[in-house]
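Hydrogens, waters and symmetry mates are skipped; everything else that's a heavy atom, side chains included, is used. A note on names: the letters A, B, ... follow the listed sequences, proteins ahead of strands, and every chain is numbered from 1.
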Number of protein chains: 2
Amino acid sequence: MTKQEGIVLGVAGRLFREKGFAATTVRELATAAGMLPGSLHYRFPTKESLLVELMERGMMQAIERVRAAIEVEDTPLNKMRSALREHLSILVEGDDAIYVNLYEFRSVTGAARARILRLRDAYEALWDGMLHAAVGAGLIRAGLDLRMVRFLLLGAVNWSAQWYEENQNYTPGEVADAFFSISAFGFCNDGVGGLLAQSAERPEVQLTDVFDDGDRSG
Amino acid sequence: MTKQEGIVLGVAGRLFREKGFAATTVRELATAAGMLPGSLHYRFPTKESLLVELMERGMMQAIERVRAAIEVEDTPLNKMRSALREHLSILVEGDDAIYVNLYEFRSVTGAARARILRLRDAYEALWDGMLHAAVGAGLIRAGLDLRMVRFLLLGAVNWSAQWYEENQNYTPGEVADAFFSISAFGFCNDGVGGLLAQSAERPEVQLTDVFDDGDRSG
DNA sequence: GTATATCTTGGTCATATGACCAAACAAGAG
DNA sequence: CTCTTGTTTGGTCATATGACCAAGATATAC
């Protein structure tokens, strides 16, 4: 990737995120990148090719970042929490490519669509691996549909991009930890959070196993 | 609202959902509504006015439907579960106005933007009311940020519109109940779901208080 | 049955848009 | 210096787009 291409992809991410793919013109892209429309055409033959390039690079980067965040953790629950943090961090404070992946996929057609879907499958496989490992370790309560756990967690973080900008009272890590805490232990008083506070009958359950770095959200 | 306006709003919802607002042309809208562009212009002076009308009507209907679903329930948790079910049902099998509200708000400008934001606030107030009632009834574990509970639940259901179409193995009610069950009682084996299964020490906690109509997801 | 209000028709108009290109220019290799 | 390769310029072209309207058609009121 040349430096100029990097600039173009950067402004494309920003504009596609701000205005949407369909509402962004190639002239706006060229101007924002500091070049004329013809130069943009020289590097990316169509507007959609620019979108596809942006999405594929972004998705591959995200997979690598989350994979790295998982690797350094020890237990399945810590891996999940770390992956959630990394996912949300990329989405709300990383580059815009992942936001575009999530919200502009509709504009991708043809073969590129299938390629991006494969990348998504690879990312989801990371999550399913963690979830199955957690089941194998006896950490997940019986009778749950693991896909629903994934849909709940990833849906909540993906949607966070919609409200986070206006609501910066939280760090991405706080949001991710709150989502993890609620969905892992329940918001009900009878979930482990409440039960542990109410009794010492099960001392082997340690919240600090999960929140071990001191920045859990309040 | 005349019959013709209803038809126009219906096709507008469908097309805005399928292709997005920016990528839908007034000619497509007119053709799909069985009229000529001029007729469409007679009823809605601009494309954006059509979007705004669709969104405002949809939002008001949704508020009423969820309010009605809440009213017939007795306990705070049952109200929340019912609201979640209704919300998801409207989103994935109701008319398209709510999907458009969620995913095309970016295209609304000026005064209409503020009006729609007020409707959103009214909807969120419904949720905050339920959550505070649950806190008042001692049902929520201490130390949780209620906004995070709302963001988790509504984020997960709002995002469901992205994957539900391709994954119709579940009914909307099953999905909503699964999300509620996981986030209320936790996916961990040490959440209330697991603890209750493991011991009868707390017989006063009844899962069937929440899942009382027999169609909980598996 | 006529007058009035409502709606539709078929088209225009100015502008915006994505794609494209021939020629000019820049930079490095030999 | 010169040749070659890579890049930019400034613009064109056909089409698409949102907005709009004068005239005709239809329905409604009285």
Side-chain angles (χ1 to χ4, degrees), chain A residues 1-57 100 103-113 116, chain B residues 1-57 100 103-113 116:
Chain A
M1 180 170 63
T2 70
K3 184 185 171 187
Q4 299 277 12
E5 280 170 359
I7 293 173
V8 172
L9 288 175
V11 303
R14 180 166 56 82
L15 290 178
F16 290 167
R17 178 176 196 154
E18 283 173 10
K19 318 183 40 158
F21 174 76
T24 303
T25 71
V26 293
R27 284 164 179 82
E28 285 171 331
L29 288 167
T31 301
M35 56 182 67
L36 295 178
S39 302
L40 205 158
H41 177 71
Y42 171 73
R43 298 177 191 285
F44 300 95
T46 67
K47 190 168 75 153
E48 190 179 331
S49 72
L50 184 45
L51 175 68
V52 168
E53 191 69 24
L54 176 72
M55 288 176 67
E56 289 192 316
R57 282 178 195 278
V100 173
Y103 289 94
E104 300 293 338
F105 181 62
R106 157 166 58 193
S107 301
V108 180
T109 60
R113 202 179 172 88
I116 293 172
Chain B
M1 179 170 64
T2 70
K3 184 184 169 187
Q4 300 275 11
E5 281 169 0
I7 293 174
V8 172
L9 288 175
V11 303
R14 181 167 56 81
L15 290 178
F16 290 167
R17 177 176 196 154
E18 283 173 8
K19 318 182 40 159
F21 174 76
T24 304
T25 71
V26 294
R27 284 163 180 82
E28 284 171 332
L29 288 167
T31 301
M35 57 182 64
L36 295 178
S39 302
L40 205 158
H41 177 70
Y42 172 73
R43 297 178 190 285
F44 300 94
T46 66
K47 191 169 75 154
E48 190 179 332
S49 73
L50 183 46
L51 175 68
V52 168
E53 190 70 24
L54 176 71
M55 287 176 68
E56 288 192 315
R57 283 179 195 278
V100 173
Y103 288 95
E104 300 293 337
F105 182 62
R106 157 166 57 192
S107 300
V108 180
T109 60
R113 201 180 174 87
I116 292 171

What are the two closest non-hydrogen atoms of [X] and [Y], and how far apart are they?
X: A:R27; Y: A:P37; value: CG-CG, 4.1 Å
X: B:L29; Y: B:A12; value: CD2-CA, 3.6 Å
X: B:L54; Y: B:G13; value: CD2-CA, 3.6 Å
X: B:S107; Y: B:L51; value: CB-CD2, 3.8 Å

Subject >> Residue pairs, two or more places apart or on separate chains, that pass ring-ring contact (aromatic ring centres under 6.0 Å, His included) and touch residues 11-44 of chain B >> reply: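 For residues 11-44 of chain B, and leaving out neighbouring residues, the ring-ring contact (aromatic ring centres under 6.0 Å, His included) pairs sorted by first residue read B:F16-B:F21.
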
Quick one: salt bridge (charged side-chain N to carboxylate O under 4.0 Å, His left out) partners of [X], sequence neighbours excluded?
X: B:E48; result: none
X: B:E28; result: B:K19
X: B:R17; result: B:D96, B:E165
X: A:R57; result: A:E53

Original post:
When you measure from the side chain of B:R43 to the backbone N and O of B:E5, does any donor-acceptor pair fall under 3.5 Å?
Top reply: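 Between the backbone of B:E5 and the side chain of B:R43 there is no qualifying donor-acceptor contact (under 3.5 Å).
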
Original post:
Which of residues 40-53 of chain B have a heavy atom under 4.0 Å from DNA chain D?
Top reply: B:H41, B:T46, B:K47

Original post:
Does anything in residues 12-25 of chain A reach DNA chain D, meaning a heavy atom under 4.0 Å, and if so which residues?
Top reply: none

Subject >> Under the side chain to side chain contact (heavy atoms under 4.5 Å, CB included) test, residues paired with B:A33 that sit two or more places apart >> reply: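 Here the qualifying residues are B:I7, B:V8, B:V11, B:M35.
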
**OP:** List in numerical order all residues of residues 26-38 of chain A for which some heavy atom is under 4.0 Å away from an atom belonging to DNA chain C.
**Re:** A:V26, A:R27, A:G38

Original post:
Would B:L40 and B:L50 satisfy side chain to side chain contact (heavy atoms under 4.5 Å, CB included), going step by step from the backbone distance to the final call?
Top reply: CA-CA 9 Å; B:L40 205 158; B:L50 183 46; 4.0 Å; yes

**OP:** Using chain B heavy atoms and a threshold of under 4.0 Å, write down where along DNA chain D the contacts begin and end, 5' to 3'.
**Re:** D:dT17 to D:dC21

**OP:** Decide yes or no for A:T46 and A:V26: does some side-chain heavy atom of the first lie under 4.5 Å from some side-chain heavy atom of the second?
**Re:** no

**OP:** Using five pairs at either end of the helix from C:dG1-D:dC30 to C:dG30-D:dC1, determine the angle between the two local helix axes and round it to 10 degrees.
**Re:**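 Computed from the C1' atoms at both ends, the axes differ by 10°.
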
Subject >> Cationic N near anionic O, under 4.0 Å, A:E56 to A:R113 >> reply: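 The answer is no: the pair does not qualify as a salt bridge.
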
Original post:
A:R14: what forms a side-chain hydrogen bond (donor to acceptor under 3.5 Å, both in side chains) with it, not counting sequence neighbours?
Top reply: none

